[in-house]
Amino acid sequence: MSDHGNEIYDVVGVGFGPANLSLAIALQEQRAAGAADEISALFLERQFSFGWHRNMLLPSATMQISFLKDLVTFRNPASSFSFVSYLYSMGRLPQFVNNQDFFPTRQEFHQYLEWAQARVADKVEYGSEVTSIRIPQDTVPELADCLQLEVAGTGGRSSRVIGARNVVISTGLVPRMPQGTEPDERVWHSSEFLEKFRRMNAAELRRVAVVGAGQSAAEITRFLHDELPHAEVWAIMPAYGYSIADDTPFANQIFDPSAVDDYYFGSDQSREAFWRYHRNTNYSVVDGEVIRDLYRRAYDDEVGGIDRLHFLNLTRVTGVKRSAADTCVMLQTGSVGEVRELDVDALVCATGYTAMEPTSLLGDLDGHCLRDEAGHYRMERDYRVVTSPELRCGIYLQGGTEHTHGLTSSLLSNLAVRSGEIVGSITARLAARNTDHAVGSGVRGDIR
Ligand code: FDA
Ligand code: NAP
């Protein structure tokens with residue numbers, strides 16, 4: 001339980017996106033159900049308020065999962081935190097149903113997430129960035145009852161150290177730029193798109209380019225075509241054309257909760273098959289509707305004799321030369337890899353993300369986290385990092401576990417069930433520890 005003179009919690013969540021929001025709700029619902037041992041929890045988020053990929057909240061962007069894959073429904077269909085409950089409380093349920101669409105806009109889903117987070121706000125501290133997690137100084141790991149988190153207060157908040165018997169790290173995907181390219185005021189990663197775009201005088205953007213052939217690239221290309229009617233928009237893509245995201249029913253089964261077991265307990269061969277056959281459900285692919293929408297625009301421009309939407313296919317960005325307002329993009333293009341350059345007023349790199357990577361946050365503690373032959377964290381089925389036996393505190397990951405738990409690791413599809421599994425694991429381990437303390441047997445190696 002928390003002790004405010006010397007702040008210690010049973011669980012501290014690092015990052016408060018949808019994953020840890022779902023966990024906070026699972027904990028609250030466990031409390032409401034009258035769980036015998038209440039688990040004390042705090043969630044730390046570096047943003048000043050809740051925000052889910054705010055810089056990609058483009059007007060017509062829709063969700064890539066059904067509204068039923070919300071924060072709770074697959075774990076607790078009767079939850080008051082469901083998307084349906086949200087619609088009901090907004091007085092919009094009949095209209096939503098009349099609309100006959102499983103995929104709300106990202107803006108509406110964002111409003112749902114904000115509504116949900118407001119109901120667990122007493123457990124969240126915004127403007128708080130966790131800068132390191134460590135074993136308390138002068139303590140041997142086997143005696144450490146909790147881990148220490150260094151929390152940098154942003155926006156006037158003071159910095160402090162808090163204790164956690166378990167940490168659940170959910171700090172999200174890491175933006176990836178093309179090699180030799182750094183973000184600045186004219187070169188943007190898609191994750192910072194709207195913020196950087198709004199800083200510009202749109203009239204000065206006469207030629208813009210978007211790199212990539214994934215969902216972010218296609219959505220941004222469409223947005224720029226709408227917002228900059230005077231400008232040339234160049235789509236630079238490594239593929240011959242955008243490829244469709246496979247969301248057909250059989251393929252979609254890889255996002256079912258049961259697929260996590262099939263992946264986790266499967267052979268190397270079966271795990272490899274998941275990737276070989278189904279990578280195109282998520283990576284470097286685009287919703288069919290957006291593809292058709294873009295093609296229609298290109299065709300309409302052609303009919304109207306307008307030449308401003310350009311698709312540069314089989315092309316990769318190899319670098320960028322920047323000087324004042326000039327931005328020259330270096331390209332390797334065509335089947336023979338011809339090198340060419342393109343001058344633009346702004347370049348958007350919708351070049352994807354790498355998986356969540358907590359190594360630097362863990363510092364020396366990382367040495368207690370065991371790794372497999374490929375250098376990835378070894379993971380328990382309950383999303384707990386396998387640690388050296390003497391470490392008693394739990395380190396759980398929400399994200400960064402594609403190698404053990406499969407494709408849902410960085411997605412929303414399995415959040416509700418995953419959060420329930422983590423709460424179950426933490427509860428069981430705390431109960432075992434408390435029993436252990438009660439019988440006064442001191443340190444137990446198996447409570448990890
Ligand atoms: P998320 O990135 O949302 O949250 C992590 C949080 O941690 C952030 O708020 C960050 O500020 C905070 N943080 C980071 N470091 C910190 C620190 N040291 N201390 C404190 N806080 C820290 N998936 C899907 O299934 N369906 C979909 O429709 C979409 N749509 C989608 C759109 C776009 C534009 C992107 C880029 C991605 C998606 N995704 C998706 C995938 C996406 O990963 C997923 O929707 C969630 O964002 C995953 O939630 P998390 O909470 O894990 O990460
Ligand atoms: P992505 O799917 O990883 O796509 C990145 C693209 O950039 C790929 O086509 C990649 O090509 C290309 N690329 C990388 N380096 C390049 C270079 N140097 N030159 C040219 N092209 C390069 O990333 P994303 O589109 O950002 O999508 C990430 C996640 O966010 C996905 O889960 C997606 O579904 C989600 N998302 C959802 C929404 C929504 O819900 N509406 C919106 C946006 C994104 P290669 O494959 O050849 O490397």
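Whatever order the structure lists ligands and atoms in, that order sets their numbers, starting from 1. Please read these numbers as outputs of a predicted model, since none were measured by experiment.
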What protein heavy atom lies closest to atom 36 (C) of ligand 1? Include the residue and the distance to one decimal. Y353 OH, 3.4 Å

Protein heavy atom at shortest distance from atom 17 (C) of ligand 2: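 Checked against all protein heavy atoms, atom 17 (C) of ligand 2 sits closest to V317 N, 3.8 Å.
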
Does the residue F109 have a heavy-atom contact with ligand 1, meaning some pair of atoms that are separated by less than 4.0 Å? no

Non-hydrogen atom of S216 closer than 4.0 Å to ligand 1: no

With no hydrogens and no angle check, is any side-chain donor or acceptor of [X] less than 3.5 Å from a backbone partner on [Y]?
| X | Y | value |
| --- | --- | --- |
| K196 | D184 | yes |
| H405 | R381 | yes |
| N55 | E195 | yes |

Location of contacts on E45 toward ligand 1, heavy atoms closer than 4.0 Å: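 E45 to ligand 1: contacts from backbone and side chain alike.
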
Ligand 1 versus L44: contacting region, heavy-atom distance under 4.0 Å: backbone

Could you say whether the N/O atoms of [X] and ligand 1 ever approach to under 3.5 Å?
| X | result |
| --- | --- |
| L412 | yes |
| R106 | no |
| V130 | yes |
| Q64 | yes |
| G51 | no |

Hey, is ligand 2 close enough to [X] that some N/O pair sits below 3.5 Å?
| X | answer |
| --- | --- |
| A61 | no |
| R316 | yes |
| Y283 | no |
| S284 | yes |
| Q64 | yes |
| S190 | no |

Could you list which atoms of ligand 1 come closer than 4.0 Å to a heavy atom of [X]?
| X | result |
| --- | --- |
| S170 | 5 (C), 6 (C), 7 (O), 50 (P), 51 (O), 52 (O) |
| M56 | 34 (C) |
| S410 | 41 (C), 42 (C), 43 (O), 44 (C), 48 (C) |
| G172 | 2 (O), 5 (C), 53 (O) |

Heavy-atom gap I236 to ligand 2 smaller than 4.0 Å: no

Examine ligand 2 and decide if any of its atoms is less than 4.0 Å from a heavy atom belonging to T318.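 Distance cut 4.0 Å: T318 fails for ligand 2.
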
Can you check atom 29 (C) of ligand 2: any protein non-hydrogen atom closer than 4.0 Å? no

Aromatic plane relationship, [Y] with [X] - under 30° parallel, 30 to 60° tilted, over 60° perpendicular:
| X | Y | value |
| --- | --- | --- |
| F50 | F16 | perpendicular |
| F109 | F83 | parallel |
| F223 | F197 | perpendicular |

Heavy-atom contacts with V211 under 4.0 Å: which atoms of ligand 2 show up? List them by number with element.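 So the answer, numbered in order with elements, is 19 (N), 20 (C), 21 (N).
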
I need the single residue from I39, L147, I422, L430 that forms a side-chain contact (heavy atoms from CB on, under 4.5 Å) with N166. Which is it? L430

